[in-house]
Each structure stands twice: as C-alpha cells, then as structure tokens.
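To start, the structure itself, in structure tokens.
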Amino acid sequence: MTGGTYQNAGKRGFCMRRLLVGLVSCLIAAGSAAAEESEIIKWKDVDGWTVASDTSMEGSCFISSVFDGGVTLRLGFYPKGSESPLYMSFASDDWRSLEVGKEYDLTFRFDKTDPWSASATAAGDASGKFLFVNVTDAEFLTGFVRKRALAIAFEDRVIANLSLRGTGPAADELMKCQRAVDEIIADEGRKSKEKKADPFNAPSEKRSARDPFSL
C-alpha cells in the first residue's frame, strides 16, 4: 500500500458528503435530470456493504460501509490506466483537524497478523474530509476479504477497529459490478469506432435529398 492522490479528484468533484452518509443513492433513471447529475449508481447491497459505481471516476466500482463510531470505509477501483489498481478511503465526522494534502503515517492490522504500514493522504473540502491510500499489494486485498477485523492506528493509537464481516460476498459483487462497467465502456468504444469507420453513417436530416449517401 502506498499513498497518493485520486485521479482528478478536484476536477471531477468526488462526492464526499455521500461518502459520509454511506454512499446510498437511487438507481439512475434514463433520461431524467437527476440521472445527469448523479455521481453514484448503486449496484447492490450485500451483507452490510453497498456496492456502487462512481461516475466521477469513469464508472469505477467500489464497496463501502458505515461502522460503529461513525467511521466510513470505502474500497474501490481506480479508472483503467491509473498507476494503482485500487484505493481505500476512510472518514469520520470527528476528524476535523485533517489537513488536505498532508500525509499521515498509519498502520493496518488484520486480526492478529503483522501490521502493514502506509502513508495516507488527506483529501476533501469544507463538506467533509477523508484519508485514502493506494492499494498495490494483492496480499492486503486477500487479508481484507478473508480476515475478521481491521484495526487502523495513527501514532500507536487505534483510530478505527472495523469488522470485516461480509467482505467476501461484497468483493464478489464488486468484481461483477466492475465487469459490467467494463463491458459497457468497451461496447461504447466499439460503437464509436464503427461510426467513424462507416462514411455512410450519418443522420438522415444531414443527407442530401438527391444523394442519400452524402454527409
């Protein structure tokens, strides 16, 4: 695990407020104004976790849950082509003193295994702040899915002790969600290429009345 920054976090307006309330949103309704403004598309709830897609991150999927004490944890994919495949973020309304852009050295311990060290970066805005890390080690993800609890510590003080109940089924749904998103993106890419490759593919109103093949 290593620290880093969200891809275009400021530009794409990552929705922190929704993160703090559990990232629960309505399914997008085709053609509605709300759909155009939505950033989070809910895929499924499973064993206490919400699986969803973040349109501000090119539709990348994630899982999130709110724990006792008000801590919210989110684990998800970065858009394809990013330096890191996964990220994990966590937040609490009590962590008001976080400084955006500052790095904090944390330790993560699954059950009673040896701890992992990571540099977490603070991000967010006036509506809420959060910490996130880039997940680059497959063994960390294995621990997240298979272990029972995750303790997060800062300066030898545990700041969050989280149950990992349900992470296995949630991770399965996360993969299904991401595969569905990838298929949609690939399909849109194919359609775009087909339109460019076919010189006769133009709206009928743009064609000459005498020449049906004109652009």
Side-chain angles (χ1 to χ4, degrees), residues 1 3 6 9 14-26 39-54 57 60-77 86-100 102-135 137 139-175 177:
M1 296 173 63
Y6 276 108
F14 181 78
C15 190
M16 182 57 194
R17 184 167 297 169
R18 288 178 184 168
L19 175 61
L20 293 176
V21 298
L23 294 165
V24 178
S25 63
C26 296
E39 290 186 343
I40 303 300
I41 307 172
K42 185 176 175 182
W43 169 267
K44 188 175 183 180
D45 286 326
V46 54
D47 287 357
W49 292 84
T50 294
V51 186
S53 168
D54 189 339
M57 296 182 72
S60 296
C61 294
F62 65 87
I63 59 174
S64 68
S65 186
V66 182
F67 298 86
D68 293 341
V71 174
T72 298
L73 184 148
R74 168 170 165 165
L75 176 75
F77 289 101
L86 294 162
Y87 64 86
M88 184 171 71
S89 66
F90 34 97
S92 170
D93 286 331
D94 295 331
W95 300 347
R96 299 184 182 90
S97 63
L98 288 174
E99 299 178 31
V100 174
K102 182 177 178 179
E103 294 188 350
Y104 296 81
D105 293 329
L106 305 179
T107 57
F108 300 80
R109 183 189 296 272
F110 294 110
D111 295 343
K112 295 182 179 181
T113 60
D114 292 335
W116 299 70
S117 296
S119 180
T121 304
D125 52 34
S127 65
K129 300 174 184 177
F130 60 97
L131 291 166
F132 74 93
V133 294
N134 292 334
V135 179
D137 195 324
E139 290 186 13
F140 184 91
L141 185 60
T142 299
F144 184 85
V145 172
R146 295 182 178 178
K147 300 299 182 180
R148 296 182 178 181
L150 170 62
I152 304 173
F154 173 62
E155 294 183 344
D156 297 325
R157 176 189 174 188
V158 175
I159 60 173
N161 204 344
L162 312 176
S163 169
L164 297 180
R165 178 184 176 277
T167 51
D172 288 341
E173 288 299 326
L174 172 65
M175 297 302 297
C177 174

Phe140 and Phe110 aromatic centres sub-6.0 Å: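 Aromatic pair counts; centres sit under 6.0 Å.
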Should [X] and [Y] count as side-chain neighbours, where that means a heavy-atom distance under 4.5 Å?
{"X": "Leu73", "Y": "Leu150", "answer": "yes"}
{"X": "Phe77", "Y": "Leu174", "answer": "yes"}
{"X": "Asn134", "Y": "Leu86", "answer": "no"}
{"X": "Phe67", "Y": "Asn161", "answer": "no"}
{"X": "Phe90", "Y": "Trp95", "answer": "yes"}
{"X": "Leu131", "Y": "Leu106", "answer": "yes"}
{"X": "Phe108", "Y": "Met88", "answer": "yes"}
{"X": "Glu173", "Y": "Trp49", "answer": "no"}

Could you check whether any side-chain N or O of [X] sits under 3.5 Å from a backbone N or O of [Y], counting only pairs where one atom can act as donor and the other as acceptor?
{"X": "Lys129", "Y": "Ala123", "answer": "no"}
{"X": "Thr167", "Y": "Phe144", "answer": "yes"}
{"X": "Asp137", "Y": "Glu139", "answer": "yes"}

Asp94 atom CG: more than 12 heavy-atom contacts under 6.0 Å: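 Result for CG/Asp94: enclosed.
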CA sep, side-chain torsions, deciding dist, call: Ile152, Val158, side chain to side chain contact (heavy atoms under 4.5 Å, CB included): CA-CA 6 Å; Ile152 304 173; Val158 175; over 6 Å; no
Flag for Ser60-Asp54: side-chain donor and acceptor within less than 3.5 Å: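 Per modelled atom types, Asp54 and Ser60 side chains form no pair under 3.5 Å.
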Distance-only donor-acceptor check, side chains Ser127 and Asp125, under 3.5 Å: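 Yes - a donor-acceptor pair under 3.5 Å links their side chains.
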Spacing of Asp68 atom CG and Leu162 atom CG [to the nearest 0.5 Å]: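 It is 9.5 Å, given to the nearest 0.5 Å.
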Residues Trp116, Thr107; criterion side chain to side chain contact (heavy atoms under 4.5 Å, CB included); working and verdict: CA-CA 5 Å; Trp116 299 70; Thr107 57; over 6 Å; no
Sidechain N-carboxylate O distance under 4.0 Å for Arg96, Asp93: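 Looking at Arg96 and Asp93, the cut-off is not met.
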